[in-house]
Asker: 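Can you keep this structure in mind? I'll have questions shortly.
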Protein chains: 2
Amino acid sequence: MATPLEKARKDPESMKARILAVAHRIVGEYGFHGTTTRMIAQEVGIDISTLHYHWGEKKDLYEAVIIDINKDLGQKLIDVEKIIHGLPLAERMVIAIDAMTDYLFDCPEISNIMLFRYIVKTRDNVDLLGPEFTTDIARSMGLTRNSSPSTPPRAMLEVLAVMNAIHNFISGENFFPPMVRLERGEYTKTVKETLRFVLIPAFVKREGEGL
Amino acid sequence: MATPLEKARKDPESMKARILAVAHRIVGEYGFHGTTTRMIAQEVGIDISTLHYHWGEKKDLYEAVIIDINKDLGQKLIDVEKIIHGLPLAERMVIAIDAMTDYLFDCPEISNIMLFRYIVKTRDNVDLLGPEFTTDIARSMGLTRNSSPSTPPRAMLEVLAVMNAIHNFISGENFFPPMVRLERGEYTKTVKETLRFVLIPAFVKREGEGL
DNA sequence: AAATGCTTCCATCAAATAATGGAAAAACAT
DNA sequence: ATGTTTTTCCATTATTTGATGGAAGCATTT
């Protein structure tokens, strides 16, 4: 039997799925407390009570958004991993950065919500530590020794540094371009250059030395 | 004549300053919409009306917090720049990362609020683009050609990558340690190592090649 | 001591918000 | 067609939130 969330994802025309999709966007823009159920309902074009009918209380809808975002991001990471598997490190990182950046610029709410969770506390206790992909990425980047059973903390922080660097530029897509005097099109291009420039050398250098 | 904000900063025992200090912390934790004037007032131990008497409406207090945070951060950057001035690039970055990390772990609300502004929209239109220090940092890192009058966008993005990497680890101080299985003390230490490892090689390498 | 001005709190308001009950409407099954 | 279930909306409630008026308290000056 499918969970309600799975059912909603299956038929993207269903009211439940439409509400969830809009919730993604609005919550990604305004955060949990900045989002009202009215904003979401209005955007979908329905009454608030219809929203509550499908998703229960606000917290439940928010948790569904978190789970959904995590699922999307996790799937994308798996897809990218398949493409880069076996290639040399520098190439792997170029392709992964390129693919993830493109993907996230298309769904910026993913980056927004991920960062949001790291930074901000919620007055209601909506925590829900959900699945994290840091370990998988570390493995994909070759940061985990095959002998050791678990990923060392240092390697996980390195992965976080990489992922968050990307998320930050996506989430700053409204704030940064005027600040650095770039048009929107130029921004995405320059972000990719910058990410490659800043992130890759460290890992390539260590591989050259250590291994 | 001193502005109200300056006056409040001058006497940290004044009610206005005490409110502002608490507002720093709470807004840093919960963001604009997640913070209520009641939360701040209760933490200070006063009535809400006293808060409104000193700071007017919520938006005004929030803007004061933003300005104050920016001032603190800007001053710290100036201090650090004085220390590292003239040293070779690699050393400059080691010292700057170390000093900024220590400082921001002491006042995490600065990192929180900086990132918050980049990511999240506010329902009320409280924008206020305040002074940015990206240009100064770019100059301090030697990313600006002396000949060119303004900082190139690419250099500004590089600075943002560096600053945001730091901010992210500070803001994640509650979320990341359990996730990467590190005690609090170990976390700060490993964060510094990771920041040095990820951020420095790229810039050092280019200096070695290009210059 | 009286008067003045500044600060604080109590009581309260108006608006916004999350949430629900119940009637109408729509979809579906028989 | 008729009955049943599901879905949607309208009206309403309780709570929270930002904000204010006015009285009481406190300090300072005269």
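So you know, we letter chains A, B, ... as the sequences are listed, proteins then strands, and number each from 1.
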Asker: Nearest of dT8(C), dG18(D), dG21(D) to any side-chain atom of Arg38(B)?
Answerer: dG18(D)
Asker: The side chain of His52(B) is closest to which nucleotide in this list: dA19(C), dT8(D), dA19(D)?
Answerer: dA19(D)
Asker: Atom CD1 of Ile40(A) and atom P of dT17(C): how far apart are they, to the nearest Å?
Answerer: 12 Å
Asker: With the threshold set at 4.0 Å, does a side-chain nitrogen-carboxylate oxygen contact exist between Arg154(A) and Glu158(A)?
Answerer: yes
Asker: Expressed in angstrom and rounded to an integer, what is the separation of Met39(A) atom CE from dT17(C) atom P?
Answerer: 9 Å
Asker: Rounded to whole Å, please give me the gap between NZ in Lys16(A) and C1' in dT6(D).
Answerer: 14 Å
Asker: Would you check if Ile67(A) and Lys71(A) make a side-chain contact, meaning some heavy-atom pair closer than 4.5 Å?
Answerer: no
Asker: Would you mind classifying the nucleic acid contact of Thr36(B) as base, sugar-phosphate or nothing, using non-hydrogen atoms under 4.0 angstrom?
Answerer: sugar-phosphate
Asker: Between C1' on dT7(C) and CD1 on Ile19(B), what's the gap in Å once rounded to a whole number?
Answerer: 11 Å
Asker: Phosphate oxygens OP1/OP2 of dT8(C): is one of them under 4.0 Å from a side-chain N or O of His54(B)?
Answerer: yes
Asker: What's the closest nucleotide to the Glu57(A) side chain, out of dC9(D), dA19(C), dC9(C)?
Answerer: dA19(C)
Asker: Hey, are Glu109(B) and Arg25(B) close enough for a salt bridge, meaning a charged N less than 4.0 Å from a carboxylate O?
Answerer: no
Asker: Compare side-chain N and O positions of Arg123(B) against OP1 and OP2 of dT17(C) and report whether any pair is under 4.0 Å apart.
Answerer: yes
Asker: Please determine whether a side-chain nitrogen of the Lys or Arg among Asp124(B) and Lys58(B) lies less than 4.0 Å from a carboxylate oxygen of the Asp or Glu.
Answerer: no
Asker: Hey, does Thr37(A) reach any base, or is it just sugar-phosphate, or nothing, if we go heavy atoms under 4.0 Å?
Answerer: sugar-phosphate
Asker: Map Thr50(B) and Gly56(A) onto DNA chain C by nearest heavy atom, then report which one ends up closer to the 5' terminus.
Answerer: Thr50(B)
Asker: May I have the distance from Ile48(A) (atom CD1) to dG21(C) (atom P), rounded to whole angstrom?
Answerer: 15 Å
Asker: What is the distance, to the nearest angstrom, from the CG atom on Asp47(A) to the P atom on dT17(C)?
Answerer: 15 Å
Asker: Looking at dA19(C), dT6(D), dC9(D), which one has an atom nearest to any side-chain atom of Tyr53(A)?
Answerer: dT6(D)
Asker: Roughly how many Å is it from CG in Asp60(B) to P in dG18(D), rounded to a whole number?
Answerer: 13 Å
Asker: Give the C-alpha distance, both sets of side-chain angles, the deciding distance and a yes or no for salt bridge (Lys or Arg N to Asp or Glu O under 4.0 Å) between Glu13(B) and Arg18(B).
Answerer: CA-CA 6 Å; Glu13(B) 293 306 314; Arg18(B) 282 172 55 204; 5.8 Å; no
Asker: Can you tell me the distance, in whole Å, between the CD atom of Gln42(B) and the P atom of dG18(D)?
Answerer: 13 Å
